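A short worksheet on the structure shown next.
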There are 2 protein chains.
Amino acid sequence: MKRNSRLSLALHTLGHMAADSKHMRTSADIADHAGTNPVVVRRVLGKLREAGLLTSEKGHAGGWRLARAAQDITLADVYLALDERLVASSPNDDVPTCVVEHRLQNKITAVMEEIERSLIERLSKTNIAEVQDIPEPSHG
Amino acid sequence: MKRNSRLSLALHTLGHMAADSKHMRTSADIADHAGTNPVVVRRVLGKLREAGLLTSEKGHAGGWRLARAAQDITLADVYLALDERLVASSPNDDVPTCVVEHRLQNKITAVMEEIERSLIERLSKTNIAEVQDIPEPSHG
DNA sequence: TACTAATGCAACCACAAAAGTTACGAGTGC
DNA sequence: GCACTCGTAACTTTTGTGGTTGCATTAGTA
(Lines give C-alpha, C1' and ligand atoms only; values in the text may rest on other atoms or scores of the structure.)
Protein backbone atom coordinates (compact mmCIF):
# COMPACT_ATOMS: atom_id res chain seq x y z
CA MET A 1 0.00 0.00 0.00
CA LYS A 2 0.98 3.59 -0.52
CA ARG A 3 2.05 6.15 2.00
CA ASN A 4 -1.18 8.04 2.34
CA SER A 5 -3.57 5.13 2.13
CA ARG A 6 -5.38 6.56 5.13
CA LEU A 7 -6.31 9.71 3.28
CA SER A 8 -7.30 7.62 0.30
CA LEU A 9 -9.40 5.27 2.40
CA ALA A 10 -11.08 8.22 4.09
CA LEU A 11 -11.93 9.91 0.80
CA HIS A 12 -13.28 6.75 -0.80
CA THR A 13 -15.44 6.00 2.21
CA LEU A 14 -16.74 9.54 2.47
CA GLY A 15 -17.37 9.58 -1.27
CA HIS A 16 -19.51 6.48 -1.01
CA MET A 17 -21.34 7.87 1.99
CA ALA A 18 -22.02 11.13 0.22
CA ALA A 19 -23.68 9.19 -2.60
CA ASP A 20 -26.16 7.65 -0.16
CA SER A 21 -25.89 9.50 3.12
CA LYS A 22 -28.81 7.84 4.88
CA HIS A 23 -27.45 4.35 4.58
CA MET A 24 -25.64 3.02 7.67
CA ARG A 25 -22.44 1.17 6.78
CA THR A 26 -20.52 -1.31 8.88
CA SER A 27 -16.75 -1.33 9.01
CA ALA A 28 -16.85 -4.83 7.50
CA ASP A 29 -18.75 -3.57 4.44
CA ILE A 30 -16.39 -0.65 4.03
CA ALA A 31 -13.37 -2.89 4.43
CA ASP A 32 -14.73 -5.17 1.73
CA HIS A 33 -15.12 -2.28 -0.67
CA ALA A 34 -11.68 -0.91 0.12
CA GLY A 35 -9.98 -4.30 0.08
CA THR A 36 -8.72 -3.98 3.63
CA ASN A 37 -9.52 -4.91 7.21
CA PRO A 38 -12.43 -3.80 9.43
CA VAL A 39 -10.04 -2.83 12.22
CA VAL A 40 -8.04 -0.64 9.86
CA VAL A 41 -11.27 0.99 8.73
CA ARG A 42 -12.32 1.67 12.32
CA ARG A 43 -8.91 3.17 13.03
CA VAL A 44 -9.15 5.67 10.20
CA LEU A 45 -12.84 6.39 10.59
CA GLY A 46 -12.31 6.83 14.32
CA LYS A 47 -10.18 9.86 13.54
CA LEU A 48 -12.93 11.27 11.38
CA ARG A 49 -15.40 10.70 14.20
CA GLU A 50 -13.14 12.52 16.68
CA ALA A 51 -13.16 15.42 14.26
CA GLY A 52 -16.94 15.36 14.10
CA LEU A 53 -17.22 14.28 10.47
CA LEU A 54 -18.78 10.89 11.15
CA THR A 55 -20.89 9.25 13.80
CA SER A 56 -20.74 5.61 14.78
CA GLU A 57 -23.18 3.42 16.65
CA LYS A 58 -22.46 0.20 18.44
CA GLY A 59 -24.72 -2.78 18.64
CA HIS A 60 -26.83 -4.87 16.37
CA ALA A 61 -27.88 -2.20 13.88
CA GLY A 62 -24.76 -0.15 14.33
CA GLY A 63 -22.31 1.27 11.83
CA TRP A 64 -21.10 4.55 10.37
CA ARG A 65 -22.81 7.58 8.91
CA LEU A 66 -21.96 11.15 7.95
CA ALA A 67 -22.30 13.49 10.91
CA ARG A 68 -23.40 16.34 8.66
CA ALA A 69 -24.26 17.17 5.07
CA ALA A 70 -21.66 16.14 2.49
CA GLN A 71 -21.53 19.73 1.27
CA ASP A 72 -20.33 20.78 4.72
CA ILE A 73 -17.39 18.37 4.84
CA THR A 74 -14.34 19.71 3.03
CA LEU A 75 -11.09 18.03 2.11
CA ALA A 76 -9.44 20.30 4.66
CA ASP A 77 -11.63 18.78 7.38
CA VAL A 78 -10.46 15.32 6.33
CA TYR A 79 -6.82 16.32 6.05
CA LEU A 80 -6.82 17.92 9.49
CA ALA A 81 -8.78 15.06 11.03
CA LEU A 82 -6.08 12.58 10.02
CA ASP A 83 -3.44 14.95 11.42
CA GLU A 84 -0.74 13.87 9.02
CA ARG A 85 1.13 17.11 8.75
CA LEU A 86 2.86 17.82 5.50
CA VAL A 87 5.53 19.83 7.23
CA ALA A 88 8.13 18.67 9.72
CA SER A 89 10.10 21.76 10.48
CA SER A 90 13.41 20.84 12.11
CA PRO A 91 15.72 18.03 10.98
CA ASN A 92 17.17 17.66 14.47
CA ASP A 93 15.26 18.67 17.56
CA ASP A 94 18.18 20.07 19.47
CA VAL A 95 18.94 23.76 19.56
CA PRO A 96 21.06 24.92 16.61
CA THR A 97 24.70 25.57 17.35
CA CYS A 98 25.05 28.87 15.53
CA VAL A 99 22.97 31.98 15.14
CA VAL A 100 22.68 31.61 11.39
CA GLU A 101 21.32 28.11 11.80
CA HIS A 102 18.83 29.30 14.40
CA ARG A 103 17.48 32.09 12.21
CA LEU A 104 17.44 29.85 9.17
CA GLN A 105 15.43 27.23 11.02
CA ASN A 106 12.88 29.80 12.12
CA LYS A 107 12.60 31.12 8.62
CA ILE A 108 12.16 27.70 7.06
CA THR A 109 9.53 26.81 9.63
CA ALA A 110 7.66 30.02 8.92
CA VAL A 111 7.76 29.46 5.17
CA MET A 112 6.60 25.86 5.42
CA GLU A 113 3.76 26.81 7.74
CA GLU A 114 2.68 29.39 5.20
CA ILE A 115 2.77 26.71 2.50
CA GLU A 116 0.66 24.42 4.64
CA ARG A 117 -1.85 27.18 5.36
CA SER A 118 -2.31 27.76 1.65
CA LEU A 119 -2.67 24.03 1.06
CA ILE A 120 -5.39 23.83 3.69
CA GLU A 121 -7.10 26.84 2.20
CA ARG A 122 -7.13 25.09 -1.17
CA LEU A 123 -8.43 21.88 0.38
CA SER A 124 -11.23 23.77 2.09
CA LYS A 125 -12.56 24.82 -1.31
CA THR A 126 -13.53 21.28 -2.26
CA ASN A 127 -16.14 19.30 -0.37
CA ILE A 128 -17.13 15.67 -0.26
CA ALA A 129 -20.20 16.20 -2.40
CA GLU A 130 -17.92 17.38 -5.20
CA VAL A 131 -15.69 14.34 -4.85
CA GLN A 132 -18.74 12.22 -5.47
CA ASP A 133 -20.44 13.21 -8.72
CA ILE A 134 -22.24 10.02 -9.60
CA PRO A 135 -25.76 10.55 -11.01
CA GLU A 136 -26.94 6.92 -10.68
CA PRO A 137 -28.03 5.88 -7.18
CA SER A 138 -27.65 2.18 -7.99
CA HIS A 139 -24.81 0.26 -6.40
CA GLY A 140 -22.94 -2.72 -7.87
CA MET B 1 13.97 11.91 12.69
CA LYS B 2 10.81 13.04 11.05
CA ARG B 3 9.14 11.75 7.93
CA ASN B 4 10.18 14.43 5.51
CA SER B 5 13.68 14.98 6.80
CA ARG B 6 14.91 14.94 3.22
CA LEU B 7 12.96 18.03 2.31
CA SER B 8 14.08 19.65 5.52
CA LEU B 9 17.71 18.75 4.95
CA ALA B 10 17.52 20.06 1.41
CA LEU B 11 16.01 23.37 2.47
CA HIS B 12 18.49 23.93 5.28
CA THR B 13 21.43 23.18 3.02
CA LEU B 14 20.13 25.37 0.22
CA GLY B 15 19.40 28.12 2.72
CA HIS B 16 22.97 28.06 3.94
CA MET B 17 24.28 28.02 0.40
CA ALA B 18 22.12 30.94 -0.60
CA ALA B 19 23.63 32.96 2.23
CA ASP B 20 27.12 32.46 0.82
CA SER B 21 26.77 31.02 -2.65
CA LYS B 22 30.46 31.18 -3.62
CA HIS B 23 31.61 28.98 -0.78
CA MET B 24 32.16 25.31 -1.68
CA ARG B 25 30.84 22.95 0.98
CA THR B 26 31.74 19.32 1.59
CA SER B 27 29.14 16.73 2.49
CA ALA B 28 30.98 16.25 5.79
CA ASP B 29 30.53 19.93 6.71
CA ILE B 30 26.88 19.85 5.72
CA ALA B 31 26.33 16.64 7.67
CA ASP B 32 27.90 18.24 10.74
CA HIS B 33 25.57 21.20 10.51
CA ALA B 34 22.54 19.03 9.96
CA GLY B 35 23.48 16.48 12.60
CA THR B 36 23.51 13.60 10.16
CA ASN B 37 25.79 11.52 7.97
CA PRO B 38 27.83 12.53 4.90
CA VAL B 39 26.38 9.66 2.87
CA VAL B 40 22.85 10.71 3.70
CA VAL B 41 23.74 14.24 2.63
CA ARG B 42 25.19 13.02 -0.65
CA ARG B 43 22.07 10.96 -1.26
CA VAL B 44 19.71 13.90 -0.88
CA LEU B 45 21.94 16.44 -2.59
CA GLY B 46 22.46 13.98 -5.42
CA LYS B 47 18.77 14.31 -6.23
CA LEU B 48 19.13 18.07 -6.31
CA ARG B 49 22.12 17.72 -8.63
CA GLU B 50 20.14 15.47 -10.98
CA ALA B 51 17.52 18.20 -11.10
CA GLY B 52 20.16 20.77 -11.95
CA LEU B 53 19.93 22.75 -8.71
CA LEU B 54 23.40 21.93 -7.43
CA THR B 55 26.77 21.00 -8.85
CA SER B 56 29.32 18.78 -7.17
CA GLU B 57 33.06 18.36 -7.72
CA LYS B 58 35.23 15.47 -6.72
CA GLY B 59 38.79 15.66 -5.53
CA HIS B 60 40.84 17.65 -3.11
CA ALA B 61 38.99 20.96 -3.34
CA GLY B 62 35.69 19.37 -4.16
CA GLY B 63 32.26 19.81 -2.66
CA TRP B 64 28.84 21.29 -3.40
CA ARG B 65 27.65 24.59 -4.77
CA LEU B 66 24.47 26.13 -6.16
CA ALA B 67 24.13 25.50 -9.87
CA ARG B 68 22.37 28.82 -10.41
CA ALA B 69 21.32 31.95 -8.57
CA ALA B 70 19.36 31.42 -5.37
CA GLN B 71 16.59 33.61 -6.78
CA ASP B 72 16.15 31.09 -9.59
CA ILE B 73 15.66 28.06 -7.33
CA THR B 74 12.10 27.73 -6.09
CA LEU B 75 10.61 25.45 -3.48
CA ALA B 76 8.77 23.72 -6.31
CA ASP B 77 12.13 22.85 -7.88
CA VAL B 78 13.21 21.27 -4.60
CA TYR B 79 9.92 19.47 -4.05
CA LEU B 80 9.94 18.01 -7.55
CA ALA B 81 13.63 17.14 -7.36
CA LEU B 82 13.02 14.93 -4.33
CA ASP B 83 10.07 13.32 -6.13
CA GLU B 84 8.13 12.56 -2.99
CA ARG B 85 4.60 12.85 -4.27
CA LEU B 86 2.01 14.12 -1.86
CA VAL B 87 -0.73 12.16 -3.56
CA ALA B 88 -1.13 8.42 -3.92
CA SER B 89 -4.35 7.98 -5.81
CA SER B 90 -5.63 4.44 -5.40
CA PRO B 91 -5.64 2.43 -2.16
CA ASN B 92 -5.59 -0.88 -4.03
CA ASP B 93 -4.18 -1.21 -7.51
CA ASP B 94 -6.69 -3.72 -8.80
CA VAL B 95 -9.65 -2.72 -10.89
CA PRO B 96 -12.67 -1.70 -8.82
CA THR B 97 -15.47 -4.22 -8.62
CA CYS B 98 -18.35 -1.86 -9.23
CA VAL B 99 -19.02 1.04 -11.54
CA VAL B 100 -19.56 3.46 -8.68
CA GLU B 101 -16.18 2.58 -7.23
CA HIS B 102 -14.54 3.04 -10.61
CA ARG B 103 -15.97 6.49 -11.18
CA LEU B 104 -15.28 7.50 -7.61
CA GLN B 105 -11.66 6.48 -7.95
CA ASN B 106 -11.25 8.51 -11.12
CA LYS B 107 -12.84 11.50 -9.49
CA ILE B 108 -10.70 11.34 -6.38
CA THR B 109 -7.56 11.00 -8.49
CA ALA B 110 -8.53 14.01 -10.54
CA VAL B 111 -9.24 16.10 -7.45
CA MET B 112 -5.99 15.14 -5.75
CA GLU B 113 -3.98 15.90 -8.87
CA GLU B 114 -5.59 19.30 -8.97
CA ILE B 115 -4.64 19.82 -5.33
CA GLU B 116 -1.05 18.86 -6.06
CA ARG B 117 -0.88 21.19 -9.04
CA SER B 118 -2.00 24.08 -6.89
CA LEU B 119 0.51 23.12 -4.20
CA ILE B 120 3.34 23.16 -6.74
CA GLU B 121 2.15 26.48 -8.07
CA ARG B 122 2.28 27.89 -4.56
CA LEU B 123 5.75 26.41 -3.97
CA SER B 124 7.01 27.96 -7.19
CA LYS B 125 6.22 31.39 -5.78
CA THR B 126 8.90 31.16 -3.08
CA ASN B 127 12.59 30.87 -3.88
CA ILE B 128 15.64 29.92 -1.87
CA ALA B 129 16.79 33.49 -1.50
CA GLU B 130 13.56 34.22 0.36
CA VAL B 131 14.07 31.27 2.66
CA GLN B 132 17.38 32.79 3.66
CA ASP B 133 16.96 36.37 4.85
CA ILE B 134 19.96 36.78 7.08
CA PRO B 135 21.60 40.21 6.77
CA GLU B 136 24.89 39.28 8.48
CA PRO B 137 27.41 37.41 6.29
CA SER B 138 29.32 36.12 9.36
CA HIS B 139 29.09 32.47 10.26
CA GLY B 140 29.23 30.92 13.75
C1' DT C 1 -32.08 -13.99 29.79
C1' DA C 2 -29.49 -15.59 25.88
C1' DC C 3 -27.87 -14.67 21.35
C1' DT C 4 -26.07 -12.07 17.72
C1' DA C 5 -23.90 -8.25 15.57
C1' DA C 6 -21.63 -4.24 15.78
C1' DT C 7 -17.95 -0.74 17.64
C1' DG C 8 -13.67 0.31 20.74
C1' DC C 9 -9.40 -0.82 21.91
C1' DA C 10 -5.14 -3.03 23.10
C1' DA C 11 -1.46 -5.99 21.84
C1' DC C 12 1.00 -8.07 18.78
C1' DC C 13 3.26 -9.51 13.93
C1' DA C 14 4.95 -8.53 9.23
C1' DC C 15 6.52 -5.71 5.94
C1' DA C 16 8.46 -1.63 3.82
C1' DA C 17 10.68 2.75 3.78
C1' DA C 18 14.15 5.46 5.37
C1' DA C 19 18.16 6.76 8.08
C1' DG C 20 22.46 5.41 9.44
C1' DT C 21 26.83 2.99 8.68
C1' DT C 22 30.78 0.86 6.47
C1' DA C 23 33.48 0.07 2.65
C1' DC C 24 35.54 0.93 -1.58
C1' DG C 25 36.22 2.83 -6.27
C1' DA C 26 37.16 7.02 -8.89
C1' DG C 27 38.47 11.56 -9.67
C1' DT C 28 41.37 15.87 -8.35
C1' DG C 29 44.83 18.86 -6.41
C1' DC C 30 48.96 19.10 -3.70
C1' DG D 1 52.26 9.20 -4.11
C1' DC D 2 49.21 11.18 -0.83
C1' DA D 3 45.25 13.44 0.95
C1' DC D 4 40.72 14.63 0.15
C1' DT D 5 36.38 14.47 -2.03
C1' DC D 6 32.29 12.52 -4.34
C1' DG D 7 29.60 8.17 -6.05
C1' DT D 8 27.74 4.07 -4.97
C1' DA D 9 26.80 -0.40 -3.23
C1' DA D 10 25.71 -3.28 0.62
C1' DC D 11 24.19 -3.88 5.02
C1' DT D 12 21.95 -2.86 9.70
C1' DT D 13 18.83 -0.41 12.53
C1' DT D 14 14.91 2.20 13.29
C1' DT D 15 10.33 3.59 12.46
C1' DG D 16 5.90 3.79 10.51
C1' DT D 17 1.91 1.32 9.17
C1' DG D 18 -1.09 -2.16 7.65
C1' DG D 19 -2.76 -6.48 9.11
C1' DT D 20 -4.42 -9.71 12.64
C1' DT D 21 -6.31 -11.55 16.85
C1' DG D 22 -8.68 -11.19 21.00
C1' DC D 23 -11.81 -9.32 24.12
C1' DA D 24 -14.80 -5.90 26.46
C1' DT D 25 -18.85 -3.14 25.56
C1' DT D 26 -23.13 -1.88 23.53
C1' DA D 27 -27.51 -2.64 21.30
C1' DG D 28 -31.15 -4.96 19.02
C1' DT D 29 -34.01 -9.30 18.98
C1' DA D 30 -36.10 -13.60 20.12
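First the proteins, then the strands, lettered A, B, ... as listed; each starts at 1. Quick caveat, the model's predicted, so the values are computed rather than measured.
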Practice item. Encode nucleotides 24-30 of chain D as B, S and - characters from 5' to 3', where the letter depends on protein heavy atoms closer than 4.0 Å: B to the base, S only to sugar-phosphate, - to neither. Key: --BBB--

Check your understanding: Which salt bridge (Lys or Arg N to Asp or Glu O under 4.0 Å) pairs, counting each pair once, include a residue from residues 27-45 of chain A, with sequence neighbours left out?
Key -> none

Review point. Out of C:dA19, C:dG8, D:dG18, which nucleotide sits closest to the side chain of A:S5?
Key: D:dG18

Exercise for review: Rounded to the nearest angstrom, tell me the gap between atom CD in B:E84 and atom C1' in C:dA17.
Suggested key: 11 Å

Review point. Taking only residues two or more places apart in sequence, or in another chain, which ones meet A:T126 in a side chain to side chain donor-acceptor pair (under 3.5 Å)?
Key: A:R122

Review point. From C:dG8, D:dC6, C:dA18, pick the nucleotide closest to the side chain of A:R49?
Key: C:dG8

Practice item. Please identify each residue that fulfils side chain to side chain contact (heavy atoms under 4.5 Å, CB included) with B:A70, with sequence neighbours left out. Key: B:A18, B:L66, B:I128, B:A129

Review point. Salt bridge (charged side-chain N to carboxylate O under 4.0 Å, His left out) with B:R49: which residues, sequence neighbours excluded?
Key: none

Check your understanding: Partners of B:R65 by side chain to side chain donor-acceptor pair (under 3.5 Å), sequence neighbours excluded?
Key -> none

Study note, to complete from the structure: With the side chain defined as heavy atoms from C-beta on, B:W64 is closest, among C:dG20, D:dG7, D:dT17, to D:dG7

Revision key, fill the gap. Taken in chain and number order and not counting sequence neighbours, the residues that satisfy side chain to side chain donor-acceptor pair (under 3.5 Å) with A:R117 are none

Exercise for review: Choose from C:dG20, C:dT7, D:dT20 the nucleotide whose nearest atom is closest to any side-chain atom of B:N37.
Suggested key: C:dG20

**Study point:** A:N127: side chain to side chain donor-acceptor pair (under 3.5 Å) partners, not counting sequence neighbours
**Key:** A:E130

Practice item. Within residues 38-46 of chain A, find the residues that approach DNA chain D with a heavy atom at under 4.0 Å, and present them sorted by residue number. Key: A:V39, A:V40, A:R43

